[in-house]
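Positions are given from 1, in the same order as the sequence printed here. Computed from heavy atoms alone, side chains included, the values below leave out hydrogens, waters and symmetry copies. Just follow the structure's listing: the first ligand is 1, and inside any ligand the first atom is 1.
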Amino acid sequence: MDSVPPVPVESPAAERRAERELMVLTVENLAATAGVRGRLAVAPRVLDAMRRVPRHLLVPEEARAQAYADRALPIGHEVTISQPFIVALMTDLADVSPGDRVLEVGTGSGYQAAVLAALGAEVRSIEIIAPLAERAARDLAALGYPVRVRQGDGYAGWPEAAPFDAIVVTAGAPEIPQPLVDQLKPGGRLVIPVRSARGGEDLLLVRKAADGRVTRESVLPVRFVPLTREP
Ligand code: SAH
């Protein structure tokens, strides 16, 4: 008896592949145009991770149509998530390899955490707004990303899980939090927007050398929602 081949059913996570591809092309073009740090590219493995993460399933329903535009998106609670180019740049600067232990401060939608997890990192993320932490933890688990999400003030880091190969802060900090520098491994990278005198923030790459020496490099002027503190 002839069998009829099953109609392929796309999983929700596989939907909108063409839009993701366009988003990645836009990121590549922006990187080439901006020539950030004299480099004309974002690492291919970062772009590949962004091809795989279904950004539309990590933003609220109202923002879904716009999920793949290269722009920041509102996710409620006066929070916006970064445009894909900035996510790509920060992920590239964090220089994450499979198995790296990574901390994110500012979970928001969970999108940046998912991109880090898609690179094979062991990811922990801290979010100060409880409903956002809960929603991101639920959505990341539903998509199969093994990210540990905790509600709290990420200024203090996650000491029990330290040290980290990389720490990515996705809210604008008044200064570089010393606990985060302390929780970096030798050779570790901290990527953080820090408020500048001009207004807005400078995206900084802070490195801890093998001998413990800390250096910082200013990469790009950016604009983030503020890092707030728990009283
Ligand atoms: N990375 C997120 C976007 C983050 S927007 C994403 O991919 O969707 C910045 C987030 O940082 C907001 O959700 C805000 O509530 C959170 N935040 C601000 N101050 C914080 C703090 N001290 N500790 C942890 N999270 C904080």
Side-chain angles (χ1 to χ4, degrees), residues 20 23 27 46 49-50 52-64 66-94 96 102-119 121 123-143 145 147-159 161 164 166-180 183 190-195 200-201 203 222-231:
R20 268 196 299 286
M23 175 189 81
V27 166
V46 172
M50 292 179 69
R52 286 181 280 129
V53 176
R55 182 169 159 97
H56 66 287
L57 297 180
L58 289 163
V59 300
E61 293 275 350
E62 319 80 79
R64 264 183 202 170
Q66 293 293 313
Y68 293 104
D70 195 57
R71 48 164 283 203
L73 290 175
I75 59 166
H77 305 272
E78 292 175 20
V79 168
T80 56
I81 72 170
S82 300
Q83 74 180 102
F85 173 61
I86 296 294
V87 175
L89 180 62
M90 292 178 80
T91 309
D92 192 67
L93 292 167
V96 170
V102 178
L103 175 68
E104 180 195 26
V105 174
T107 317
S109 68
Y111 178 68
Q112 171 75 76
V115 171
L116 293 165
L119 281 162
V123 184
R124 288 174 177 76
S125 186
I126 309 177
E127 169 56 55
I128 203 163
I129 301 177
L132 287 180
E134 283 156 26
R135 186 170 72 198
R138 189 196 60 213
D139 292 350
L140 286 163
L143 290 169
Y145 293 109
V147 175
R148 273 162 264 200
V149 180
R150 163 191 280 188
Q151 188 277 325
D153 182 351
Y155 192 97
W158 193 315
F164 297 97
I167 302 178
V168 176
V169 179
T170 62
E175 75 277 318
I176 300 173
Q178 190 56 40
L180 299 185
Q183 289 173 32
L190 165 63
V191 182
I192 180 170
V194 172
R195 220 155 291 150
E201 289 88 28
L203 185 60
V222 287
R223 202 164 270 282
F224 275 79
V225 302
L227 187 81
T228 50
R229 304 296 316 276
E230 253 169 12

Using atom types as modelled, flag every donor-acceptor pair under 3.5 Å from a side chain in residues 105-112 to any protein atom, sequence neighbours excluded.
residue : atom : partner : partner atom : Å
T107    : OG1  : S125    : OG           : 2.7
T107    : OG1  : I126    : O            : 3.4
T107    : OG1  : E127    : N            : 3.4
S109    : OG   : Y111    : N            : 3.0
Q112    : NE2  : T91     : OG1          : 2.9

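- Residue L58 comes nearest to A114 through the heavy atom pair CD1-CB, 4.0 Å, listed as atom of the first residue, atom of the second, then distance.
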Could you go through residues 131-140 and list every donor-acceptor pair under 3.5 Å that involves a side-chain atom there, pairing it with any protein atom two or more places apart or in another chain?
residue : atom : partner : partner atom : Å
R135    : NH2  : I75     : O            : 2.9

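- Using a 4.5 Å cut-off on side-chain heavy atoms (C-beta onward), E62 and P74 make no contact.
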Give one line per pair: atom of ligand 1, protein atom, distance. Only N/O to N/O under 3.5 Å.
residue  : atom   : partner : partner atom : Å
ligand 1 : 1 (N)  : E104    : OE2          : 2.8
ligand 1 : 1 (N)  : G106    : O            : 2.9
ligand 1 : 1 (N)  : T170    : OG1          : 3.0
ligand 1 : 7 (O)  : Q112    : N            : 3.0
ligand 1 : 8 (O)  : S109    : N            : 2.9
ligand 1 : 8 (O)  : S109    : OG           : 2.6
ligand 1 : 13 (O) : E127    : OE1          : 2.7
ligand 1 : 13 (O) : E127    : OE2          : 3.3
ligand 1 : 15 (O) : E127    : OE2          : 2.6
ligand 1 : 19 (N) : T228    : N            : 2.9
ligand 1 : 19 (N) : T228    : OG1          : 3.3
ligand 1 : 22 (N) : D153    : OD1          : 2.8
ligand 1 : 22 (N) : T228    : O            : 2.5
ligand 1 : 23 (N) : G154    : N            : 2.8
ligand 1 : 25 (N) : I128    : N            : 3.2

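- With sequence neighbours excluded, the residues satisfying side-chain contact (heavy atoms from CB on, under 4.5 Å) with E61 are R64.
- With Y68 contributing its side chain and R55 its backbone, the two residues share a donor-acceptor pair below 3.5 Å.
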